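All residue numbers in this chain count up from 1 along the given sequence. Predicted model, so just to flag it, every value in this text is computed and none were measured.
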Amino acid sequence: MKKILYLSISLLLSILFVQCEKEDMFDKYSPEILYKRYVQTQSGMQWQYSPDAIDVTLGANETEYTVYSRVSSPNGLTKVVISEVVNGVEKEVITHTADEDIIMWSPNQIELAQKFTNITATKITRITATDAKNHTTVRDFTIKK
C-alpha cells in the first residue's frame, strides 16, 4: 500500500513540475533609448547619457547638430530606426539591423551619432528600437531653433 502511495505522489509531483513554464526574467524589459547631454561635473563639462536629455536649443548661427544616443536591450536588438518628424510626417533617415550593424557593436547595445544639417526650424528626431522579443520603444529628441 505504501508503495502505491509513494508512486502516486511521485507521479503527481512529476506531472506538476513538467507543466511549470520557465519564466524568462527579461521578458518584461523593453529596449532603452538614452540621448547624450552636456553637463557640469566636478572635472568640468562632459557628455553624459541621461533620461533627462530630450531637447537642445541651437544658437542663432548654428544650422547643424549631431544627436548622440545609446540604445540597449537585455533581449538583444534586432532593429533600430532613426527618423525625422517634419510637419507630423515621419521620414526614415537610417536603419540599423541585427544582420549588419548592431552585431558589429554588441547584440545588446549600439551607440549612435546622427548628424542633422540645414536646421532652420525646430526639428524632431525619433529613434525606434525593436528587440528580439519584439518589444518596441520609441523616443523623441527635439532640436529647437
Colleague: Between I110 and H96, is any pair of side-chain heavy atoms under 4.5 Å apart?
Modeller: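 Yes. Closest side-chain heavy atoms under 4.5 Å.
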Colleague: Surrounding NZ of K145 (heavy atoms of other residues, nucleotides or ligands, distance under 6.0 Å), is the total greater than 12?
Modeller: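 More than 12 heavy atoms, drawn from other residues, nucleotides or ligands, come within 6.0 Å of this atom.
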Colleague: Between A129 and I33, which heavy-atom pair has the shortest distance, and what is it?
Modeller: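 It is CB-CD1, 4.1 Å.
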Colleague: Decide yes or no for R139 and I54: does some side-chain heavy atom of the first lie under 4.5 Å from some side-chain heavy atom of the second?
Modeller: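 Yes, at least one pair of side-chain atoms sits under 4.5 Å.
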Colleague: When the ring planes of W47 and Y38 are compared, do they come out parallel, tilted or perpendicular, using 30° and 60° as the limits?
Modeller: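 Plane angle between 30° and 60°, so tilted.
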Colleague: Taking all non-hydrogen atoms of both residues, which atom of F116 and which atom of K123 are closest, and how far apart?
Modeller: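 For F116 versus K123, the nearest heavy atoms are CD2-CD, 4.1 Å.
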Colleague: Does Y68 have more than 12 heavy atoms from other residues, nucleotides or ligands lying within 6.0 Å of its OH?
Modeller: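 Result for OH/Y68: open.
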Colleague: What are the two closest non-hydrogen atoms of T78 and D131, and how far apart are they?
Modeller: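 Smallest heavy-atom distance, with atoms named: OG1-O, 3.4 Å.
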Colleague: Determine the sole option in I143, V85, V86, D55 for which the side-chain contact (heavy atoms from CB on, under 4.5 Å) test with I124 is passed.
Modeller: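 The option that passes is V85.
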Colleague: For S83, run the side-chain hydrogen bond (donor to acceptor under 3.5 Å, both in side chains) check against E92, K91, E90, Q114 and tell me which one passes.
Modeller: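 Of the listed residues E92, K91, E90, Q114, the side-chain hydrogen bond (donor to acceptor under 3.5 Å, both in side chains) partner of S83 is E90.
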Colleague: Using a 4.5 Å cut-off on heavy atoms from C-beta on, say whether the side chain of E111 contacts that of Y49.
Modeller: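 Yes. Closest side-chain heavy atoms under 4.5 Å.
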Colleague: Could you tell me which non-hydrogen atom of A132 sits nearest to which non-hydrogen atom of N75, and how far apart they are?
Modeller: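 Reported closest heavy-atom pair: CB-O, 3.2 Å.
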Colleague: Report yes if the side chains of P51 and L34 come closer than 4.5 Å at any heavy-atom pair, otherwise no.
Modeller: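 A side-chain contact exists here, since the closest heavy-atom pair is under 4.5 Å.
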Colleague: State which residues pass salt bridge (Lys or Arg N to Asp or Glu O under 4.0 Å) with K36; sequence neighbours excluded, sorted by chain then number.
Modeller: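 Listed in chain order: nothing, the list is empty.
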Colleague: Evaluate the criterion side-chain contact (heavy atoms from CB on, under 4.5 Å) for residue pair K79 and T95; output intermediate values, then yes/no.
Modeller: CA-CA 7 Å; K79 186 177 181 182; T95 300; 3.8 Å; yes
